[in-house]
Amino acid sequence: MSPMAIATTTSNLTAQGIASSVDKTAHSLVTESSSSNGVSNGNSTKAADAITNGAPKIVSNGTATPLPELSAARLNIALTSNPRTVPAAGSPEIASQKVCTDHMIQARWTVSHGWDAPSLQAYGPLSIMPTASVLHYATECFEGMKLYRGYDGKLRLFRPNLNCNRMLMSTNRIALPAFNPEELLKLIVKLCATDGAKWLPKDQPGAFLYIRPTMIATDSALGVQRPKEALLYVIMTMFPAMDTSSTLGGMKLLASKDDMVRAWPGGFGYAKVGANYGPSLVAQGEARAQGFDQILWLFGEKCNVTEAGASNFFVVWKTKEGKTQLITAPLGDKIILDGVTRRSVLELARTRLEKDGELEVVERKFDMFELEEAYVEGRLVECFVSGTAFFIAPISLINFRGKELNVDMKEGDMGTYTKTIKTWLRNIMWGKEQHEWGYVVEEKA
Ligand SMILES: *Cc1c(COP(=O)(O)O)cnc(C)c1O
């Protein structure tokens with residue numbers, strides 16, 4: 001398979017793409033361990049079995065033993081002996097984003113032994129060598145999700161399977177080991193069930209925790225090579241509600257200058273890998289110093305609009321023909337992230353707004369000059385960003401090479417479409433609307 005073909009299957013996130021990607025890793029491991037004794041193993045169904053059951057299996061033909069897969073059934077639980085107190089709502093500790101819950105999930109992988117049994121253990125420091133691959137070569141990827149305390153008292157995740165699938169896709173992009181995303185989801189759910197009741201009390205509906213699944217390569221050897229050791233961990237942290245406090249009155253975006261790009265075709269902008277974020281912080285720092293909240297990342301000579309900060313970017317405008325359109329950049333070039341919130345906005349807009357003929361939903365390349373023209377001609381209706389961290393945040397201003405586009409905020413704090421879509425999503429996340437996207441976490445009594 002050519003590298004391009006691999007990238008296509010794994011970024012699809014279809015069930016088939018996932019199975020093939022997990023299978024491929026299981027295989028390459030089998031091949032790697034068996035090639036040393038000159039025996040090849042072409043049995044793909046056995047490896048796939050091992051993956052669906054999550055338990056190691058012995059291949060009966062005696063040529064090779066597939067390595068253990070990541071398996072939530074093997075979880076070892078060691079609860080903390082030092083439970084901490086939960087900081088009060090609105091306290092500076094929460095704003096610091098340093099407070100994590102009592103526990104975390106960890107699972108170690110090595111090329112020779114596959115996945116060790118995962119553990120649920122006290123939250124605390126990691127121990128890695130100064131030579132660890134992640135510290136030198138950015139062999140790291142992560143996810144961002146939230147655990148919501150619903151108005152019906154239940155704990156919910158929002159479409160968590162999409163995050164787990166995307167995590168697999170990201171690990172693929174940077175040579176970290178594959179795993180069955182369903183097993184990752186089970187581990188996340190276990191952590192949520194363990195810490196949820198204490199850290200998201202039932203009498204505080206509307207509260208949430210931020211969940212950060214992470215994978216790092218831990219090889220303690222400086223050679224630049226495919227990782228042979230990795231650590232998967234999941235932590236949960238307290239987070240201020242970013243869509244209300246810092247962005248009240250709308251976010252201000254500074255369009256990136258032509259000497260800096262976030263991502264490029266053939267790169268890794270579509271993967272949630274740490275390497276995308278560190279290098280963007282200089283531009284972000286400059287934007288903040290000038291009074292802006294985020295960078296609006298443009299790409300190419302035509303100044304194509306891609307994403308804003310670590311959020312997807314949407315525009316509502318009227319076309320020259322007078323049609324109302326919701327437009328966002330396409331995923332095809334693989335320079336933007338396939339956001340779970342982005343997908344959800346598009347799906348809700350298609351099923352609830354487009355159907356009624358209210359507006360047309362479009363994923364296509366569009367550029368700053370089109371946006372500017374729409375603004376000058378009074379056709380720019382609303383702009384907003386979408387992402388787990390910022391949720392749905394209205395944009396009040398875009399600065400493009402010194403020119404300012406002031407975006408209307410009809411509802412006082414945001415545009416009408418922005419508000420409608422945000423309310424729909426909020427209702428699903430916090431259980432005001434029962435919807436298949438809301439994944440209920442059963443708590444311990
Ligand atoms: C995480 C992220 C998003 C938002 O994705 P969600 O799944 O909606 O949280 C958008 N763009 C970038 C670059 C991101 O890292």
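Every number for a ligand or one of its atoms is a count from 1 in the order of the listing. Bear in mind that the values here come from a model prediction, so they are computed numbers and not experimental data. The analysis underlying the following values was restricted to heavy atoms, covering all of them including side chains, and did not include hydrogens, waters or symmetry mates.
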Closest protein heavy atom (residue, atom, distance) for atom 15 (O) of ligand 1: Tyr277 OH, 2.3 Å
Identity and distance of the protein heavy atom lying nearest atom 2 (C) of ligand 1: Lys272 NZ, 2.6 Å
For atom 6 (P) of ligand 1, the protein heavy atom that lies nearest, with its residue and separation: Val340 N, 3.5 Å
contact_flag Met145 ligand 1 heavy-atom lt 4.0 Å: no
Residue portion contacting ligand 1 (non-hydrogen atoms closer than 4.0 Å) for Ala389: neither
Close-contact set for ligand 1 against Ser311 heavy atoms, below 4.0 Å: 10 (C), 11 (N)
Nearest neighbour of atom 10 (C) of ligand 1 from the list Arg166, Arg342, Glu307, on a heavy-atom basis: Glu307
Shortest protein heavy-atom distance from atom 3 (C) of ligand 1, along with the residue and atom involved: Ala310 O, 3.2 Å
Asp367 side-chain N/O to Cys303 backbone N/O, donor-acceptor pair under 3.5 Å: no
Region of Lys146 engaging ligand 1 - heavy atom pairs below 4.0 Å: neither
Atoms in ligand 1 flagged as close to Arg262, the criterion being non-hydrogen separation under 4.0 Å: 13 (C)
Sidechain N-carboxylate O distance under 4.0 Å for Glu370, Arg364: yes
Aromatic plane relationship, His435 with Trp437 - under 30° parallel, 30 to 60° tilted, over 60° perpendicular: tilted
Option from Val345, Leu326, Thr324 for which side chain to side chain contact (heavy atoms under 4.5 Å, CB included) with Tyr417 holds: Thr324
Arg350 and Glu347 ion-paired at < 4.0 Å: no
Gly387 N/O under 3.5 Å from ligand 1 N/O: no
Arg74/Glu183 salt bridge by N-O under 4.0 Å criterion: no
From CA spacing to verdict: ring pair (Phe, Tyr, Trp, His ring centres under 6.0 Å), Phe142, Tyr277: CA-CA 11 Å; Phe142 64 96; Tyr277 302 87; 5.3 Å; yes
Basic-acidic side-chain contact under 4.0 Å: Glu307, Arg342: no
Worked check of ring pair (Phe, Tyr, Trp, His ring centres under 6.0 Å) between Phe369 and Phe400: CA-CA 10 Å; Phe369 303 106; Phe400 174 51; 5.6 Å; yes
Identity and distance of the protein heavy atom lying nearest atom 8 (O) of ligand 1: Thr341 OG1, 2.6 Å
Atom 9 (O) of ligand 1 - nearest protein heavy atom and its distance: Thr388 OG1, 2.6 Å
Candidate with minimal heavy-atom separation from atom 5 (O) of ligand 1, of Ala271, Gly144, Gly339: Gly339
